[in-house]
Amino acid sequence: MTVATATLTKVPNYVNGQWIDSKATEWLDVTNPATGEVIAQTPLSSAAEVAAAIEAAASAFPEWRRTPAEDRIQPLFKLKHILEEQLEELARVLTTENGKTFTEAKAELRRAIENVEVACGIPTMMQGYNLEDVARGIDEMMIRQPLGVAAAIVPFNFPGMIPFWFLPYAIATGNTFVLKPSERVPLTMKRAFELMENIGLPKGVINLVNGGKNAVNALLDHPKVRAISFVGSTPVARYVYARAGENGKRAQCQGGAKNHVIVLPDADMKMTTQIISDSAFGCAGQRCLAVSVAVTIGEAQKTFRDSITEAAASLRVGNGLDEGVQMGPVITPQSKSRVETLIATGEKQGAKILLDGRNSRIPKGEAGNFVKPTVLDAVPATSELTETEIFGPVLSLVHANDMDEALAFLERSPYGNQASLFTSSGAAARRFRYEAPAGNIGINIGVAAPMAYFPFSGWKDSFFGIMHAQGRDAIEFYTEKKIVVERWAKDHSRKF
Ligand code: NAD
């Protein structure tokens with residue numbers, strides 16, 4: 001944490017259609033994870049600054065909710081167009097502050113755009129239903145109305161996509177919105193909000209406040225915030241869910257993960273290796289859907305172990321903006337040290353290191369937070385590595401004798417974000433789909449990320465709430481159902 005200096009870009013807040021310099025007394029350095037260079041400073045905005053954003057959103061709400069749905073989606077059509085046009089520029093900002101490769105940043109933004117596209121269907125998706133003559137001459141209808149002010153609190157690992165799991169649906173359904181990005185990566189949303197200045201939204205419909213824990217608490221405690229969407233680590237998700245609940249708000253809180261893949265000996269090993277390598281090491285393992293533990297069965301123990309180690313060793317690691325780089329750094333030096341310590345713990349607890357990414361030397365990357373792909377074999381079931389979310393480019397291999405044993409292993413995990421199976425057997429796939437204890441299931445898929453028109457969230461400690469992000473669940477989350485029961489007595493004085 002530093003005191004703000006005059007030379008660096010200080011990230012402003014966006015409140016009521018204006019960029020406002022924060023009066024925060026504490027600021028955090030925003031650092032390029034590939035170079036160690038400080039590129040900006042984020043304010044840890046005060047509760048009063050958060051309250052100003054909420055008040056702006058609350059003032060904009062009455063007029064925005066009266067705006068016809070068809071008119072509310074017009075800015076989203078413009079947003080799609082602008083995001084398409086500015087995709088490369090935005091991806092460059094994203095890579096510079098987050099570290100993922102330029103290709104990964106562009107793919108992430110595509111998923112953001114897909115959510116904007118789906119939210120353009122709100123005039124249809126938001127419709128309720130009705131029935132005439134629920135009793136003689138009495139009609140009943142269910143209509144959906146927006147809630148008011150909705151807020152989202154998001155993590156560092158998808159600074160361009162995750163805000164768009166929420167923002168387009170919230171505003172298209174007639175709510176107004178306050179976003180709090182991760183304090184480690186505020187620049188992507190700063191740029192996105194600059195772009196959104198040009199899409200024709202009235203003042204106060206979308207607001208951006210930068211900050212940390214105090215800003216989150218201010219959102220959780222403010223009586224005018226009706227709905228909280230959270231994505232981040234499990235301890236914070238649990239905390240946010242509880243505090244939002246105590247304050248009578250609806251909440252959807254996505255937490256951490258520890259994702260397993262089961263590899264059967266009948267899997268196409270070449271395809272399996274390539275896909276699992278991308279899942280485990282893509283985005284430097286900092287994906288909530290990254291495969292972290294591979295459970296091999298039968299002969300796959302040897303064939304997969306050999307092929308994945310070779311594939312992992314061949315990945316080109318470096319600055320995500322450099323041509324040909326396939327994996328970038330992890331987010332902070334603290335994160336690098338945490339990942340390296342966990343690898344050492346695994347080794348101490350009996351795992352065999354097949355590929356060691358610690359103390360890696362990356363040309364021109366001495367000051368970056370690089371950990372190269374790491375593969376650990378024979379990780380004991382009791383090791384910390386089998387349960388702890390590493391959130392780095394580390395794949396643990398464990399062996400099971402059969403599907404029963406492998407599924408029991410998954411069952412023991414406290415998390416349930418994603419589970420995948422690689423096989424050519426339809427029967428094994430069906431059993432896995434039926435029994436695997438996770439919210440997202442991949443069959444010969446490494447990152448089972450649902451498309452924007454399907455709901456997304458995990459099970460167990462990976463999610464607290466009922467209504468998921470994206471798709472129809474988003475409409476459910478951002479609207480309140482109202483029931484109207486009507487009777488109109490016949491007026492005998494009139495001829496119609
Ligand atoms: P994080 O929990 O540290 O931070 C997430 C957000 O919470 C940030 O905006 C941060 O400012 C805020 N925050 C942090 N500590 C807080 C506290 N004590 N009180 C109140 N607010 C607090 O998560 P992160 O490190 O930014 O992101 C990585 C985590 O997010 C991983 O655990 C990953 O699995 C998870 N994640 C989950 C999903 C999912 O869909 N389930 C998606 C992406 C990331």
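Everything numeric here is computed off the predicted structure, so don't read it as measured data. In each ligand, atom 1 is the first atom listed, and ligand 1 is the first ligand listed.
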Output yes when a side-chain donor or acceptor of N247 lies under 3.5 Å from a complementary backbone atom of R243, and no otherwise.
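Judged by distance alone, yes, a pair lies under 3.5 Å.
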
Got a donor-acceptor contact below 3.5 angstrom from the T374 side chain to the G357 backbone?
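A pair under 3.5 Å: yes.
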
Any idea which atoms of ligand 1 are less than 4.0 Å away from a heavy-atom of [X]?
X    : value
W165 : 40 (O)
G256 : 32 (O), 34 (O)
I153 : 6 (C), 7 (O), 9 (O)
N157 : 43 (C), 44 (C)
N417 : 41 (N)

Which atom pairs, one a donor and one an acceptor, fall under 3.5 Å between side chains of residues 156-168 and the rest of the protein, sequence neighbours left out?
unit_1	atom_1	unit_2	atom_2	d
N157	ND2	Q286	O	3.1
W165	NE1	Q470	OE1	3.4

Heavy atom of [X] under 4.0 Å from ligand 1?
X    : result
Y415 : no
I162 : yes
F463 : no
F391 : yes

Just wondering, more than 12 heavy atoms not from [X] lying within 6.0 Å of its [atom1]?
X    : atom1 : value
F409 : CZ    : yes
R358 : CZ    : yes
E194 : CD    : yes

Nearest-neighbour protein heavy atom for [atom], which is reported as residue plus atom name and distance:
atom                    : value
atom 7 (O) of ligand 1  : F230 CE1, 3.3 Å
atom 5 (C) of ligand 1  : V231 O, 3.7 Å
atom 18 (N) of ligand 1 : K213 CD, 3.8 Å
atom 39 (C) of ligand 1 : C288 SG, 3.4 Å
atom 27 (O) of ligand 1 : P155 CB, 3.2 Å
atom 11 (O) of ligand 1 : E183 OE1, 2.6 Å
atom 26 (O) of ligand 1 : F156 N, 3.1 Å

Write down the atom of [X], the atom of [Y], and the distance for their closest heavy-atom approach.
X    : Y    : answer
V339 : G392 : CG2-CA, 4.1 Å
A251 : A244 : CB-CB, 3.9 Å
V379 : S396 : CG2-CB, 3.6 Å
S292 : K258 : OG-NZ, 3.0 Å

Side chain, backbone, both or neither: which part of [X] has a heavy atom under 4.0 Å from ligand 1?
X    : value
N217 : neither
R184 : side chain
F456 : side chain
R287 : neither
V216 : side chain
V240 : neither

Could you check whether atom 21 (N) of ligand 1 has a protein contact, counting only heavy atoms that fall below 4.0 angstrom?
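Protein heavy atoms within 4.0 Å of atom 21 (N) of ligand 1 - there is at least one.
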
With rounding to the nearest 0.5 angstrom, report the CD to CD distance, E104 to Q326.
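The distance works out to 9.5 Å.
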
For D29 and T31, which I'm curious about, is there any donor-acceptor pair between the side chains at under 3.5 Å?
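No donor-acceptor contact under 3.5 Å links the two side chains.
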
My understanding is that we take every heavy atom of each candidate and find the minimum distance to [atom]. Doing that for [options], which one comes out nearest?
atom                    : options                : result
atom 6 (C) of ligand 1  : L179, V236, V154       : V154
atom 2 (O) of ligand 1  : A215, S233, G212       : S233
atom 41 (N) of ligand 1 : C253, A237, A152, G255 : G255

For F61, is the NZ or CZ atom of K224 found under 6.0 angstrom from the centre of its six-membered ring and inside 45 degrees of the ring axis?
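Checked: cation-pi criterion not met.
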
When you compare ligand 1 with E389, is there at least one nitrogen or oxygen pair between them that comes in under 3.5 angstrom?
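There is such a contact, yes.
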
G232-ligand 1 polar pair, N/O distance under 3.5 Å:
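Yes, G232 has an N/O under 3.5 Å of an N/O on ligand 1.
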
R184 and E97 ion-paired at < 4.0 Å
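Here R184 does not pair with E97 in a salt bridge, since their nearest N and O are not under 4.0 Å apart.
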
Inspect the contact between E114 and K80 and indicate whether a charged nitrogen and a carboxylate oxygen are less than 4.0 angstrom apart.
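Salt bridge: no.
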
Derivation of the side chain to side chain donor-acceptor pair (under 3.5 Å) call for Q252 and S457:
CA-CA 9 Å; Q252 46 178 193; S457 94; over 6 Å; no

